[in-house]
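Residue indices begin at 1 and follow the sequence shown. Remember, it's a predicted structure, so these values are computed and weren't measured experimentally. Counting starts at 1 for both ligands and their atoms, following the listed order.
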Amino acid sequence: MKTSLYVHIPFCSAKCRYCDFFSIPLNEKTGQGESENLQKNLLDGILSELKIRLSELVPKKIETIFIGGGTPSSIKPELLDNFLTGMEELLLGLIGDDAEISIEANPESCSVDFLDVLSNHRINRLSIGVQSFDLKTLKKIGRASFPENIYDTVAGIRASWHKNLSLDIISGVTADYMDDIEKALSLSPEHLSVYSLTIEEDTPLYDDLLNSRIQPPDEELQAESMTSVSAFLEKHGFYKYEISNFALADPAFSNECRHNLMYWNMQSYIGIGPGAVSSLYFDDRKIRITNTVDLDLYISCFTDGLRAPLTCRTTEVLSKFDFLLEHYLMGIRLKKGINPDIFRARFAHGPEYFIPETLSKWQASGLTGPGCCALNEDGMLLLNRFMSEVWDELKKKDFF
Ligand code: SF4
């Protein structure tokens, strides 16, 4: 079984006001000692979970690893170093020479010590959550913690990081978003993720919206900014391969994020750590496992061994309908569209077979791309509408 591995490290230096990911701000921990203890216990637990999951699944090869969160760079460097060593020992013989191994960082915690730790290990892709180089924009989106001279900080990181670098930028929050894109480009990243701000329920920013302290994101500005960003980046040697992701064109090497491609192409992955999700697509069953977000419970299962590992997760068997729908939902995000070979191997037909009415309608409106089941730039701006029509058509025909 070939698979990918996602490792969720749920700590951040502070909580951003728009964030609905499972992450715990370390600044809420009272003492340094308490925070370090928690980090150590959690990392020990993740290694124990990895050991158990590998013995359950017996994978032949791990194609990609993504250490995300949260903010892995917020972990004390010595602890992170030991953790990465532990992971490498457990994965010995399973990681090919060509594996992509990514880690996420935030500018304020991407220190020299953190970069030194990465150089001791096989990490070959660093993804930095910049969001914006403009302090006003960062305040507006509720970025909790960032350096004053954020551009110089990220330029310093680029100067000492010689492997693949990806930068995350938020677009369309203010009208001068192109400034951020230009600054990001001047740092010579190999990959850029450009997301529009969404205000999720149960976040402080949502509360601001409900109480009219902020305006909702301007959808027209966001759509317009995505179109201008794509055109600008394409002029500067990047190409869009997913709705929010751009890779620097290189004839000798693909700079696309192989780990995320595994998700978009509906390949299996194991997720470890609190709150992590695993999707395992066996021939005879498709299952989704979700780990607990209760840190004490997680630690009692995997660090202290006081509870059975199974009490720490819930398992759901995906119905054929949900599995089919997810292929459309994930694959349609890609510029190339849904991978027809993977789709056909699973459903005995190509992706066009199940949704001919939706596809011919979107084709007639000039919104489809050249791929087998793909949207063009304008079509991608209407992705939610496309998926709602796909859902209606699949439900109406009742294939399963
Ligand atoms: S750094 Fe990322 S994961 Fe952490 S709180 Fe901010 S948005 Fe959430």
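Gln39 and Ser35 share a donor-acceptor pair across their side chains, judged by distance under 3.5 Å alone. Between Asn164 and Asn124, the side chains place no donor N or O within less than 3.5 Å of an acceptor N or O (distance only, hydrogens not considered). Side-chain contact, Ser268 with Tyr281: no donor N or O sits under 3.5 Å from an acceptor N or O. Tyr241 and Ser254 form no side-chain donor-acceptor contact under 3.5 Å, judged by distance and modelled atom types alone. A side-chain donor from one of Glu200 and Thr198 sits under 3.5 Å from a side-chain acceptor of the other.
Between Arg313 and Glu56, at least one side-chain N (NZ, or NE/NH1/NH2) sits under 4.0 Å from a carboxylate O, which counts as a salt bridge.
Residues passing the ring-ring contact (aromatic ring centres under 6.0 Å, His included) test with His121: none are found, sequence neighbours excluded.
When only non-hydrogen protein atoms are considered, atom 2 (Fe) of ligand 1 lies nearest to Arg143 NH1, 4.2 Å.
Residue contact check: Tyr18 has heavy atoms under 4.0 Å from atoms 7 (S) of ligand 1.
Around atom 4 (Fe) of ligand 1, protein atoms of type N, O or S found under 2.8 Å number 1.
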